[in-house]
Protein chains: 4
Amino acid sequence: MSFNTFGRVFRFTSWGESHGPALGAVVDGCPPGIALSEADIQPFLDKRRPGTSKYTTQRQEPDQVRILSGVFEGRSTGTPISLMIENVDQRSKDYSEVAKAYRPGHADYSYDAKYGFRDYRGGGRSSARETAARVAAGAVARSVIPEVEILAYVVEIGGDRIDPANFEKAQIGKNPFWCPDEAAAGRWEKLVDAARLAGSSLGAVVECVATGVPAGWGAPLYAKLDSELASAMMGINAVKAVEIGAGFQAARLRGEENADPMRPGEEKWGSNAPQFLANNAGGIAGGISTGQPVVCRVAFKPTSSILTPVETINSAGEATEIITKGRHDPCVGIRGTPVVEAMMALVLADQKLLHRAQCG
Amino acid sequence: MSFNTFGRVFRFTSWGESHGPALGAVVDGCPPGIALSEADIQPFLDKRRPGTSKYTTQRQEPDQVRILSGVFEGRSTGTPISLMIENVDQRSKDYSEVAKAYRPGHADYSYDAKYGFRDYRGGGRSSARETAARVAAGAVARSVIPEVEILAYVVEIGGDRIDPANFEKAQIGKNPFWCPDEAAAGRWEKLVDAARLAGSSLGAVVECVATGVPAGWGAPLYAKLDSELASAMMGINAVKAVEIGAGFQAARLRGEENADPMRPGEEKWGSNAPQFLANNAGGIAGGISTGQPVVCRVAFKPTSSILTPVETINSAGEATEIITKGRHDPCVGIRGTPVVEAMMALVLADQKLLHRAQCG
Amino acid sequence: MSFNTFGRVFRFTSWGESHGPALGAVVDGCPPGIALSEADIQPFLDKRRPGTSKYTTQRQEPDQVRILSGVFEGRSTGTPISLMIENVDQRSKDYSEVAKAYRPGHADYSYDAKYGFRDYRGGGRSSARETAARVAAGAVARSVIPEVEILAYVVEIGGDRIDPANFEKAQIGKNPFWCPDEAAAGRWEKLVDAARLAGSSLGAVVECVATGVPAGWGAPLYAKLDSELASAMMGINAVKAVEIGAGFQAARLRGEENADPMRPGEEKWGSNAPQFLANNAGGIAGGISTGQPVVCRVAFKPTSSILTPVETINSAGEATEIITKGRHDPCVGIRGTPVVEAMMALVLADQKLLHRAQCG
Amino acid sequence: MSFNTFGRVFRFTSWGESHGPALGAVVDGCPPGIALSEADIQPFLDKRRPGTSKYTTQRQEPDQVRILSGVFEGRSTGTPISLMIENVDQRSKDYSEVAKAYRPGHADYSYDAKYGFRDYRGGGRSSARETAARVAAGAVARSVIPEVEILAYVVEIGGDRIDPANFEKAQIGKNPFWCPDEAAAGRWEKLVDAARLAGSSLGAVVECVATGVPAGWGAPLYAKLDSELASAMMGINAVKAVEIGAGFQAARLRGEENADPMRPGEEKWGSNAPQFLANNAGGIAGGISTGQPVVCRVAFKPTSSILTPVETINSAGEATEIITKGRHDPCVGIRGTPVVEAMMALVLADQKLLHRAQCG
């Protein structure tokens, strides 16, 4: 079944294809009275916008968002907020090849298997272009959780990790990789450019940290904060893995190493909040936030659109080879970074409202 | 908000606490006419049952399931199936310590932060005892997808991995670890026993493979098969990470390495199904199954209940230390294995029905 | 599809058949810290209990409710509250006739058409016995909305209406019909008894008023307070119509007659609340409560189980006649009255929590 | 909470205000491969379009629908179908009066009570202009259920009923009232015109019949076909009551009068379908369709916007009077008729897909 709505009380429904006239999101359940204009959303879309460096696709999309409903005199009214972004750089290229042959790693075959046919132009609905709608909706979500700061950054490209000792928050916006480690950013320039020139692609790992989340958001058992985050992140195009806190590394620790000891909170921690001596839990225990930073890591596979020929079949089931020309990101994880932030914001806004529904 | 229902059309709602009189699940949306009795469910509960070896908790629970509704003359009627399991081995132990001090790694503090108080007896609702309800519901789910075979096994304990070359399916039920590698199982006996004797605990990684899933199950975009699986697995107690297919390793591959080339299907693959030369995708592309085996890996943290004293605070906010006595699993990942299988079955049954809702 | 869960954030899932071992409801999303015990629920079940007068079925069911989870030391914990009621008076009667022939007005044929077979014992899942679960869940809902008083009563049986001039709240519990008009109650004794003795049955109209609902509960557009109520009431067994406020009569008024004029609130109305000069709207405008009493009326058809022979077919499609022996209510609307109250409470509790989710 | 999505697997989300730039609906879960273009939707919008006679509002809106996604080469792809309708005749009138004073019968006061402020231009989100989105979505729904014919018509205006003996289906489109009784249509011309000229308004009752619904759609217990219809109809602007089949009249029948006797089906009824001798049930038993026509009746209150002055208060709580100038329907039930059809189609399409989800 097609299911294009995310969230429980703060929800958004996205629509649109890569090469259709437009795409958008309808955000529903937003609290009333929140200051909101297109200028609050646009900066986040600009961070995700294609064509800003040679390390991303060269498709030129201004990604200008329009608010069509739900805002009156500069404030949310509590009714659905319809956000629309026009597609302007759909190329009139010939899709006859991709229409027939299945690109390995893409959704071409699985869509055909499910629906019997597909909109093959630029990947149609399965294109990562849909993530623009998430980023727009995520900007609205941020305005619902002003107490929370969300920051995502790339910690690994093509297997080359940052050195945590070099972490500098101020670096993140200064290079085209959302990289907090200046030295790593320098190495990645060569790495990504070489992959691009070779018609290949690279994977990436993105980390996202939300600070300011109060203790108590989340739920036992099937709307756990961590399971909601896992769903949100795994649903992003090209994502293949999600970790919370220590993640896979937690499976290699002993119980006493993995425990996050607690101490009475100092003044600086707020009157009731304890001080934690570690954060292997990633800010979540039993599905509910602890007041520590919420931390997750997300693995993006390398872009499936590459110039290297790959064995495949066509829609008649015959053997062929395919190379995917076009305008592609050599490393989708880079532009995935603002999408990860958006999904974090969308989950947290929903959980904030759910928490006050039950607990007042 | 408390949210104890999982699934979209094939759904279950679980209830019960560790030390209450009983726990259960209500399975709703099950197709009618399916042969079902308690004998179909019990074997799966027996796999998860505590007290079967020294490597698991010594709590003695027969975990006998009763079907209270929804089955008539041995077949499902299409109405809700109420499953109940009585708790029989609640100890009359003194909970005064755990009632007041927060056990690090447990949900004690976060529950108090959310709800203002908690049922502290054995962890209450946050106890992994709840997973018995999932396993019972999962057994019903399996009967909805007879075309699918689901197999989970432990691939790593305390950082010690199996050797894939030693993989023997027949081994899995022969040792107390659901381990497919006889040599590894031998090493783990010592490893887990040593942790147990030291009052410590170990983490584990569980892999789960579903074969026989036809191409076409799943959905763009927010009920993707992989995002549903991520949510299902991350929602299991003690799980901190989920991978699909190559997972984090995919982020370290180049595009041409990560692609799963396709060839025309041979007779043995079915008339329409292509032959894939690799399965880095884990059987899912664009959120929809490809017909390959669906593969995921799940990281369990080490049990938080350990005998080593850990710094913590009590409910008055004062510093203290806690050691968690009682009957605990030295490695929760072991008994988590049948739970992983159950969640895989529950997701797939739901997706099967959702697929035929939309696509007939 | 079977769908046995009602509500959005305050939800309950019911299960059980007329002649199974038990029935129940799992209430999820209940706020924590609410005083709750079986003694808070039992009085509402007692109001609906069968066998209390000759005007109801003679089936003897104590309808004792047990709380199996979600309550600790006398207060709700915020986790699911499992409520169970055992069936004790299932007769070992021969169902062979009803197993084969379809009782007109009952769900026998439609269940068979949908599911291929059915639990025919006492109507199985389609029996009004399920409404005991609603009443139990409704009692929990009431505890969530202590600011609201809910009162339902019968205003018409077999076409004989009460005289509004005779309305006396204190009468409602004093006769076996939940009738606020002493004179009407007297007439109904003869009316219902005559129908019972004739092996016939009568319909009824139940009115329900909720006072104390603050302005602002409800929602545009598809969770409107009135559409939620309509769904809740129409879902009760034997209900065929629902009105809000003036209902059908509103369609016969002119605009100026139907308007509910407003005046500044007096002290007695609360500082901000306006005074309304009429309540044709039934306390709801644009799907949102106005602060006036919420009023609905519900039509119950006559019991379909009658001793008069009716033409029908058997499961082989052959012509036959059926008379429905057994223990039946001559007028289901009477015992439907506490069910109407329960559904009102369940809708309002959900809407209260939804309102604070969005609006704080 | 704002909740602007309707449906379970076939769903739509609507957005837009009366005087915003546009309004629309996103239809999700539509089966793939269905022939669909704007030309399939426009005729239904034209039936609801304002300004077509003196008996409706004089606002001029072409109500041209655009399909922005989800359709490729003339067929639905299975992904969300975004439908947009531009508003073109928003008047630059001065709203200062309605901004401050609450119009009785409108949602002005309840919106303010809920959200703290409102978009007062033309009623904002609470305007019946939103129903254009429902009609557009309903046209998509019709294409999902080609086996069903849906017909709604007005049976009563201002208390003046049609004579069932005069019922002529061919009349329905021939007069401006969707009236199947030529004589009644003649009377209504004078009735409605007189109300219009007097600055008053009238209510109406609309009947809707769906033929061709197979037995088996619907569900016990909280997604019953009748409870879904009740919710759908009561959610339409100005609706105050919903009946299924005999409705309130059923409460006045005796059991033997209300029963719908069954006979073996003749050839003309289909091989398995029984012949029913009456349809008091309105085609639904136990929440599940019986194969008979599904019948409901819906009461529309008189338009609340009238020229007669009504006592009210302003947003400061002070007494005032209001007359609602502007372009209004003297009887909203007339243009509500295609909306009733749309909601019937939306419910049935959803139930068809839900049925095959569970029952194959």
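Letters A, B, ... are given to chains in the order of the sequence lines, protein chains preceding strands, and every chain is numbered from 1.
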Quiz item: Is it the backbone or the side chain of C:T13 that comes under 4.5 Å from a heavy atom of chain B, or both, or neither?
Solution: side chain
Practice problem: Answer yes or no: are there more than 12 heavy-atom neighbours, outside C:E38 itself, under 6.0 Å from its atom CD? | Solution: yes
Quiz item: Can you name the closest pair of heavy atoms from B:S14 and C:P80 and give their distance?
Solution: O-CG, 3.4 Å
Quiz item: What's the shortest heavy-atom distance between C:M84 and B:L68, and which atoms?
Solution: SD-CD1, 4.0 Å
Quiz item: What residues, two or more places apart in sequence or in another chain, satisfy salt bridge (Lys or Arg N to Asp or Glu O under 4.0 Å) together with B:E17?
Solution: none
Quiz prompt | Close contacts, residues 117-145 of chain B versus chain C, judged by heavy atoms under 4.5 Å | solution = B:F117, B:R118, B:D119, B:Y120, B:R121, B:R125
Practice problem: To the nearest 0.5 Å, tell me how far B:S82 OG sits from C:N4 CG. | Solution: 11.0 Å
Exercise. Can you sort out the partners of C:F44 under ring-ring contact (aromatic ring centres under 6.0 Å, His included), two or more places apart, ordered by chain and number?
Key: none
Practice problem: Would you mind reporting whether C:R66 and B:P21 have side-chain heavy atoms less than 4.5 Å apart? | Solution: yes
Quiz item: What residue, out of C:G70, C:C30, C:G20, C:G116, has the most heavy-atom pairs lying under 4.5 Å from chain B?
Solution: C:G70
Practice problem: Work out which heavy atom in C:Y111 is nearest to a heavy atom in B:T79; give both atom names and the distance. | Solution: CE2-CG2, 4.4 Å
Quiz item: If you take all heavy atoms of C:V26 and B:V26, which pair is closest and at what distance?
Solution: CG2-CG2, 4.0 Å
Practice problem: Go through the structure and list residues passing salt bridge (Lys or Arg N to Asp or Glu O under 4.0 Å) with B:K224, not counting sequence neighbours. | Solution: none
